Amino acid sequence: MGVLLLIISAITFLIFYALPSTDPAQLRAGRSGSPELIASIRHNLGLDKPIYVQYYRYVKGIVLHFDFGFSYQTDAPVRQQIVDRLPATISLTVGAVILWLTLAFPVGIVSAVKRRSLVDRAAMGGALLAISAPVYWLGLVALYLFSNDIGQFKIFDGAGTYVPISQNVGTWFSSLLLPWMVLAASFAAFYARLLRSSLTEVLHEDYIRTARAKGLSERTVILRHGVRAAILPLVTVLGLDIGILLGGAILTESVFNIPGIGRLAYDAIKASDYATIQGTVLFGAFFIIVANLIVDIAYAVVDPRVRY
Amino acid sequence: MSTPLTDIAVDPGAGPESESVAIAARTPLELFWRRLRQDRVAFAGLVFVVLLILMAIFAPLLVKLFGIPGPNTQNAQALDDFGTPTGPSSVHLMGVDQLGRDVFSRVIYGSRVSLEAALLSTFFAVTLGTIVGMVAGFYRGWIDTVLSRTLDVMLGFPSLLLGIGLASACSFGNGCLGGLIKPGLTVVIVVIALAAFPYIARIVRGQVLSLREKEFIEASRSLGASDLRTIFREILPNLVAPIIVYSTLIIPQNILFEASLSFLGVGVQPPTSSWGQMIGDASGNFGEVWWYMLFPGVALVLTVLAFNLIGDGLQDALDPKGDR
């Protein structure tokens, strides 16, 4: 895991070091920065050193002091910036995950059991439509229809109303309702489709017939014997999706103006703030790797056949 | 009870003449085509995509046919006294944007970017992914280890973040790598292809790992076929079905990826019109000028939906286990 992170950090470093055509020192010095100022900034940031020295310093900082360096733009420590932004991203992710799972399970199960019925066709048609809609467009349409500032039906809080949970739980909740629904829509659709196809396959298995032959109720057969086996593929994608979202839901955060990791990364990229970009990319990769690890462990819990 | 009987009597296909016709063997391709044709929904998707491609190719002609201004023609008359764009009217079917450009015309031209970016990036991703996957799966050993770990690293990368980073680094000024990669559509295609190919490579590798143990591979080798011949003449044909399915499944994702990059302002550069970029432009004042946000989005959703329908249909049609 450490090795993987090291490689990813090296690649990120290389990409953002070698590719850009803009000079970070110049950006920081501003439009009227004198050559001397630019040179001194470059020296202070260590940008005049060869790339491997810069990289070595960077990794050393992380390993020894858990120090991700300082933002080129705001001088704030990158670690602090990420920690500050994390609650918003976690709020968004957790709420959306709960919402999409509670939606996807009943829909997926009913669709699989009542295959090719009207309910199934309607649900799967709707799911396909939801998958096809980009989240930011869905967000804009939702804001246009339902937000209480510019919306046609003033039901939910609009964009930019996010407050931390520690400040006011009620406002926090109501401000996130619309983002949760928008973010969850395509995921719910995807999971419902996945569960449907997985459960359909499982229901053809011999042990399902055995369970029915034992005289178990249809409910027990489907829920205890069918769904339990059918959620395995869902566990894999769920872990990855949570990992990716925790690394920053860039599009949703930017549409709803939620100050999360995704926005931080996006703003940093726009401002060529390499230290912050590095931090957020590493952070995102870290979450994806951890999520992979948790998925492996969860497999053993869910699937009794897996032994370590 | 009588209806089935009359059915048989009326049905000309069941007559004795047709039985005497030699029964031609159906190739897998024919079987596949028949199954796909029966899938009305997938077929509708296919028709939509064909029409879309025609629309993209003949965009200038269409614009002339409808008598609407070109995608970059700014018409200050279409803005009201306060400079606010006007909505759908008989002159501008989908209204105009903040520069007075016709939205309908821009939506038509936007299909070019979407299709070009999605199809080309998918082509590169599939080509690269197939080659890497075949090499890794066929040679196994240390080659596989190196390639697979590399793929792991690429999959561990937050792809949208990487895309934004690469695209923004290359989108300003003269491009990146000393002007090798120019800003605009090329960057977008490279980014999407890089993000998508590891998935293809993984799937292909898995398939090749099991294929290479089959008897016909052993037979080919015992006849003295070279590795290259075995890979391309024996293994590759067996990969066509899964590759087609996954290609059609990643096309819609790639369309959305291009739109996301353009939405964030790091994709296709103005004044070229792209659906994602139009939505991004509209996100500032969509409260008043909803049409500028709505129509490109609808075009995007319909296109992605159509490709998804085709993908689903192909998957069913090519899956021998499918009970349909």
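Naming: A, B, ... by sequence-line order, numbering from 1 per chain. These figures come from a predicted structure and were not determined experimentally.
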Sort A:Tyr266 into side chain, backbone, both or neither according to what part of it lies under 4.5 angstrom from a heavy atom of chain B.
side chain
Within this structure, what is the CG-OG distance for the pair B:Leu256 and A:Ser132, rounded to the nearest 0.5 Å?
7.5 Å
B:Val298 portion near chain A, given a 4.5 angstrom heavy-atom threshold:
both
Region of A:Arg193 that comes under 4.5 Å of a non-hydrogen atom in chain B:
side chain
Name the region of A:Val255, side chain, backbone, both or neither, that has any atom closer than 4.5 Å to a heavy atom of chain B.
side chain
Which answer fits B:Ile255, side chain, backbone, both or neither, if we ask what part of it has an atom under 4.5 Å from a heavy atom of chain A?
neither
Heavy-atom nearest pair, B:Val301 first then A:Ala133, reads CG2-CA, 3.8 Å
Is there a donor-acceptor pair closer than 3.5 Å between any side-chain N or O of A:Trp137 and the backbone N or O of B:Met293?
yes
Just wondering, more than 12 heavy atoms not from B:Tyr246 lying within 6.0 Å of its OH?
no
Could you give the distance from CG (A:Leu140) to CZ (B:Phe263), rounded to the nearest 0.5 Å?
5.5 Å
A:Ile131 versus chain B, heavy atoms under 4.5 Å apart: side chain, backbone, both or neither?
both
Which region of A:Ile250, side chain (C-beta onward) or backbone (N, CA, C, O), has a non-hydrogen atom less than 4.5 Å from a non-hydrogen atom of chain B, or is it both or neither?
side chain
Heavy atoms, side chains only, cut-off 4.5 Å: are A:Tyr144 and B:Leu294 in contact?
no
